[in-house]
Amino acid sequence: MPESGLMKPEVVRAGSASELADSVASSFAEIITQAVENRGVASVALSGGSTPKAIYNRLVREDYLNSLPWDKINFFVSDERCVPLSSEESNFGNAQRLLLSKIKATPWCLHFPSGQETDAVRAAQAYEKVIIDTVTGGSDAVPRFDLIFLGMGPDGHTASLFPGTKALDESKRLVIENFVPHLDANRITFTYRLLNAARNVIFVVAGEDKSAVVKEILEGSGEKYPAARVTPKEGINTWMLDAAAASKLTT
Ligand code: 6PG
């Protein structure tokens, strides 16, 4: 794993989708094992969308299922749609169905913005309090996740930090509700203040439709995209890409 600090992100280019899932699962295992050894517990935020599903399927195979300290991991989501957990659109609901229900996760270690389908403002406030109460702070008292997974959309959004939305400018809150006009929907999202306090951030990006933005962000001119503003202050930022998402990179 690369050195921490405001360095250029580490880029891991996997080939196929299954090779990407293998690489991500291996990094997850390494980071979690280290965190539990060092601090007795690990705090992980899972990303949303469809890309994580292959990773969940990889993590529930025997080798990881029987070897990782699952009961010492506090799971969160780095953003959530304002829908019931039962919805296919629910990020935590999908994590619950594909991963958390298959491991020895104990109820106390499962955290998600409850009530988000009805009142995004109150759900974001409550979720922020759970994070503050559960995840130990770093030097500036901001809760410091051991690992935050993020995806990226073709427009360069990450979590629910979409271009042109209010949450991009939030500098105090750790979690905030964010209305996304083109979706005509409220979301709940980690803010940059929380994201950039993490020990490890791993972007997992797959697909040709993201390759142009991946190139702009990783090779220089992409600072306008929300995903480019995730720069962990004292953490390690890694982009793990499948061949299609990495196809326009020159290095
Ligand atoms: C969400 C997200 C979002 C997602 C990207 C990539 O709730 O939609 O968290 O940031 O990670 O849109 O989504 P895919 O993995 O489906 O391409």
Side-chain angles (χ1 to χ4, degrees), residues 1-13 23-48 52 55 68-69 72-79 109 111 124 127-152 156-161 167-176 188-205 214 217-220 222-241 251:
M1 300 295 274
E3 293 304 309
S4 68
L6 278 176
M7 296 176 56
K8 283 175 78 64
E10 161 87 355
V11 178
V12 175
R13 300 167 68 152
S23 295
V24 174
S26 171
S27 295
F28 170 86
E30 179 187 344
I31 291 167
I32 293 308
T33 305
Q34 190 70 54
V36 172
E37 273 171 21
N38 294 347
R39 289 175 292 279
V41 67
S43 297
V44 177
L46 302 170
S47 60
I55 299 156
L68 293 184
K72 294 191 173 53
I73 304 173
N74 268 315
F75 283 104
F76 300 76
V77 284
S78 46
D79 74 316
C109 65
H111 306 287
Y127 194 35
E128 183 175 66
K129 184 170 181 336
V130 166
I131 289 170
I132 291 168
D133 292 347
T134 313
V135 184
T136 48
S139 52
D140 55 1
V142 177
R144 204 159 182 227
F145 275 81
D146 294 291
L147 173 57
I148 299 179
F149 279 120
L150 291 172
M152 187 191 77
H157 82 263
T158 190
S160 285
L161 299 167
L168 294 179
D169 302 322
E170 176 57 43
S171 59
K172 292 190 176 56
R173 296 284 301 278
L174 303 173
V175 177
I176 196 165
I188 289 169
T189 185
F190 282 13
T191 61
Y192 289 117
R193 185 164 183 241
L194 184 57
L195 293 170
N196 287 333
R199 289 189 177 84
N200 295 278
V201 170
I202 297 181
F203 279 90
V204 184
V205 183
V214 163
I217 291 176
L218 295 181
E219 294 188 349
E223 57 279 350
K224 66 175 181 279
Y225 297 108
R229 290 176 52 190
V230 177
T231 52
K233 291 191 296 288
E234 295 171 20
I236 296 169
N237 190 12
T238 304
W239 284 62
M240 303 186 89
L241 311 168
T251 48

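Heavy atoms only: backbone and side chains are in, while hydrogens, waters and symmetry mates are out. None of the values given here were measured: they were computed from a predicted structure.
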Minimal non-hydrogen separation, Ala197 against Pro143, with atom names: CB-O, 3.7 Å
Indicate yes or no for a side-chain donor-acceptor contact from Asn74 to the backbone of Ile131 under 3.5 Å, with no hydrogens or angles considered. no
Heavy atoms of Val36 and Pro69 approach each other most closely as CG2-CG, 3.8 Å
Assess the residue pair Thr238 and Val201 against the criterion (side chain to side chain contact (heavy atoms under 4.5 Å, CB included)); give the C-alpha distance rounded to whole Å, side-chain angles, the decisive distance to 0.1 Å, and a yes or no. CA-CA 6 Å; Thr238 304; Val201 170; over 6 Å; no
Do Val230 and Asn196 have side chains that approach each other closer than 4.5 Å (heavy atoms only, starting at C-beta)? yes
How long is the span from the CG atom in Asn38 to the CZ atom in Arg199, to the nearest 0.5 Å? 8.5 Å
Within the distance-only criterion (no hydrogens, no angle test), does the side chain of Glu170 pair as donor or acceptor with the backbone N or O of Lys172 below 3.5 angstrom? yes
Full working for side chain to side chain contact (heavy atoms under 4.5 Å, CB included) between Ser47 and Val204: CA-CA 9 Å; Ser47 60; Val204 184; 5.9 Å; no
Please enumerate all residues that pass ring-ring contact (aromatic ring centres under 6.0 Å, His included) together with Phe28, with sequence neighbours excluded. Trp70
State, with a plain yes or no, whether a side-chain heavy atom of Leu161 is found less than 4.5 Å away from one of Leu195. yes
Output all residues satisfying ring-ring contact (aromatic ring centres under 6.0 Å, His included) with Phe203, sequence neighbours left out; order by chain, then residue number. Trp239
For Lys8 versus Leu218, what's the shortest heavy-atom pair and its separation? NZ-O, 3.3 Å
Residues Ala159 and Ser78: closest non-hydrogen pair is CB-O, 3.8 Å
Note, Pro52 side chain near Leu46 side chain (heavy atom, < 4.5 Å): no
Could you tell me the separation between the NZ atom of Lys72 and the CD1 atom of Ile32, rounded to the nearest 0.5 Å? 12.5 Å
Taking all non-hydrogen atoms of both residues into account, name the closest pair between Thr158 and Gly151 and its distance. OG1-O, 2.7 Å
Could you state the interatomic distance from CD1 (Ile148) to CD1 (Ile202), rounded to the nearest 0.5 Å? 11.0 Å
Mutual orientation of the aromatic rings belonging to Phe190 and Phe145 [parallel < 30°, tilted 30-60°, perpendicular > 60°]: tilted
Leu168 and Arg229: CA distance, side-chain angles, deciding distance, side chain to side chain contact (heavy atoms under 4.5 Å, CB included) verdict: CA-CA 9 Å; Leu168 294 179; Arg229 290 176 52 190; 3.9 Å; yes
For Arg193 and Arg173, which heavy atoms make the closest approach, and how far apart are they? CB-O, 3.9 Å
Determine whether Ile176 and Thr189 make a side-chain contact, defined as any pair of heavy atoms from C-beta on separated by less than 4.5 Å. yes
Determine yes or no for a side-chain-to-main-chain donor-acceptor pair under 3.5 angstrom, with Tyr192 supplying the side chain and Pro226 the backbone. yes
Indicate yes or no: at least one non-hydrogen side-chain atom of Ile31 is less than 4.5 angstrom from one of Ile236. no
With rounding to the nearest 0.5 Å, note down the distance linking NZ in Lys224 to CD1 in Ile217. 9.0 Å
Side chain to side chain contact (heavy atoms under 4.5 Å, CB included), that's the test. Do Leu68 and Thr33 meet it? Break it down for me. CA-CA 7 Å; Leu68 293 184; Thr33 305; 3.9 Å; yes
How long is the gap from CG on Leu194 to CZ on Arg144, to the nearest 0.5 Å? 12.0 Å
Value for CD (Gln34) from CZ (Arg39), rounded to nearest 0.5 Å, stands at 8.0 Å
